[in-house]
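Input: a single structure, listed below in structure tokens.
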Amino acid sequence: MNNSQEKRDLINDFTPKELLLNVYISQGLFLVIAIVIAFIFDVPFPWKIGSPVTSTGLLLAGATGLFLPFISIQLKKRLPAHYLDDGGINEKIFSSLSYPHIFILTGIIAFAEEWLFRGVLQSLLGLVITSLIFSLLHVRYIKKPLLFSIVTLLSFWLGLLYEVTETIWVPFFAHFLIDFISGCWIAREHKRGKNDTEKGV
């Protein structure tokens, strides 16, 4: 049995609700860690409502948020499945959710991760180290060169957006759009496959 199959068997031991709960718990931990580190090292609160987001910033966020899901979907259609196989976690989580729930979940993920990695750690450790930490925390991607490369490049790009635009809202919007669009696509493909099965297609 290969590693990919072993991971899928392990994922199958968890229900979608259990995996979803783990996601919420991990994001809660990220928020707690961000608050604690920010308090200890006196890192300013980055979520300033009055922070100016320029039209260029919005354009960069929107382009990033649309481009990466498009590329990911095209790669999934054209490459062998094992190249982009994350063990089935994303499929099991997002295929069980409604679109409004995906909106809420991906918003929380983007908020927690951008606050910790861009808003706190990047302010203390710099772009390169923070981006590498972000990439390495995606443990299930490490043995998948293509997935790991995508996550690493995305992390550097989000960090660069934060430095260039000087507002956390730009990487937040980009991160949110990527996860939301990708999650909706997974949910739609699951529903389409289910309907085709019911129709005997």
* To do: Determine the interplanar angle of the Tyr24 and His101 rings, folded into 0 to 90°, and report it as parallel if under 30°, tilted if 30 to 60°, perpendicular if over 60°.
  => parallel
* Should the pair Phe176 and Phe172 be assigned to parallel (<30°), tilted (30 to 60°) or perpendicular (>60°) ring geometry? -> parallel
Are [X] and [Y] close enough that some pair of their side-chain heavy atoms sits under 4.5 Å apart?
{"X": "Leu116", "Y": "Leu31", "value": "no"}
{"X": "Ile150", "Y": "Leu75", "value": "yes"}
{"X": "His175", "Y": "Phe111", "value": "no"}
{"X": "Leu147", "Y": "Leu84", "value": "yes"}
{"X": "Leu19", "Y": "Thr15", "value": "no"}
{"X": "Leu136", "Y": "Phe148", "value": "yes"}
{"X": "Phe134", "Y": "Val151", "value": "yes"}
{"X": "Phe14", "Y": "Ile89", "value": "no"}

So how far is it from [X] [atom1] to [Y] [atom2], rounded to the nearest 0.5 Å?
{"X": "His190", "Y": "Lys92", "atom1": "NE2", "atom2": "NZ", "answer": "11.0 Å"}
{"X": "Tyr83", "Y": "Leu146", "atom1": "OH", "atom2": "CG", "answer": "9.0 Å"}
{"X": "Ile109", "Y": "Phe180", "atom1": "CD1", "atom2": "CZ", "answer": "12.5 Å"}
{"X": "Ser123", "Y": "Tyr162", "atom1": "OG", "atom2": "OH", "answer": "4.0 Å"}
{"X": "Ser182", "Y": "Leu68", "atom1": "OG", "atom2": "CG", "answer": "6.5 Å"}
{"X": "Ser131", "Y": "Leu125", "atom1": "OG", "atom2": "CG", "answer": "10.5 Å"}

* Structure fact -> Smallest heavy-atom separation, Leu97 atom then Ala187 atom, equals O-CB, 4.3 Å
* **Closest contact, heavy atoms only, Val170 versus Ala61** => O-CB, 3.5 Å
* To do: With Ser155 as reference, evaluate Gln122, His138, Arg118 under the side chain to side chain contact (heavy atoms under 4.5 Å, CB included) test and give the passing residue.
  => Arg118
* Taking Phe156 as the fixed residue, which of Leu153, Thr152, Leu158 is the one that meets the side chain to side chain contact (heavy atoms under 4.5 Å, CB included) rule? -> Thr152
So if you build clusters from Ile, Leu, Val, Met, Phe, Trp, Tyr with side-chain heavy-atom gaps below 4.5 Å, do [X] and [Y] land together?
{"X": "Phe67", "Y": "Phe173", "answer": "yes"}
{"X": "Leu29", "Y": "Ile37", "answer": "no"}
{"X": "Leu177", "Y": "Leu59", "answer": "no"}
{"X": "Ile40", "Y": "Ile33", "answer": "yes"}
{"X": "Val32", "Y": "Ile25", "answer": "no"}

* Asked: Looking at the rings of Trp115 and Phe30, which for Trp means the six-membered one, are their centres under 6.0 Å apart?
  -> no
* **Chi angles and distances behind the side-chain contact (heavy atoms from CB on, under 4.5 Å) call for Ile93, Leu105** => CA-CA 10 Å; Ile93 292 174; Leu105 176 62; 4.2 Å; yes
Could you tell me whether the side chain of [X] and the main chain of [Y] form a donor-acceptor pair under 3.5 Å?
{"X": "Glu189", "Y": "Ile186", "result": "no"}
{"X": "Thr130", "Y": "Leu127", "result": "no"}
{"X": "Thr64", "Y": "Ala174", "result": "no"}

* To do: Given side-chain contact (heavy atoms from CB on, under 4.5 Å), test Trp157 with Leu161 step by step and report yes or no.
  => CA-CA 6 Å; Trp157 178 245; Leu161 287 179; 3.6 Å; yes
* Step through the shown structure and confirm whether more than 12 heavy atoms of other residues, nucleotides or ligands are within 6.0 Å of CZ on Phe45. => yes
* **Quiz item: cation-pi between Lys191 and Phe94, 6.0 Å / 45°** => no
* **Verdict with reasoning, Leu124 to Val43, per side-chain contact (heavy atoms from CB on, under 4.5 Å)** => CA-CA 8 Å; Leu124 296 171; Val43 179; 3.8 Å; yes
* Asked: Stepwise, does the side-chain contact (heavy atoms from CB on, under 4.5 Å) test hold for Ile178 with Leu66?
  -> CA-CA 7 Å; Ile178 290 167; Leu66 295 173; over 6 Å; no
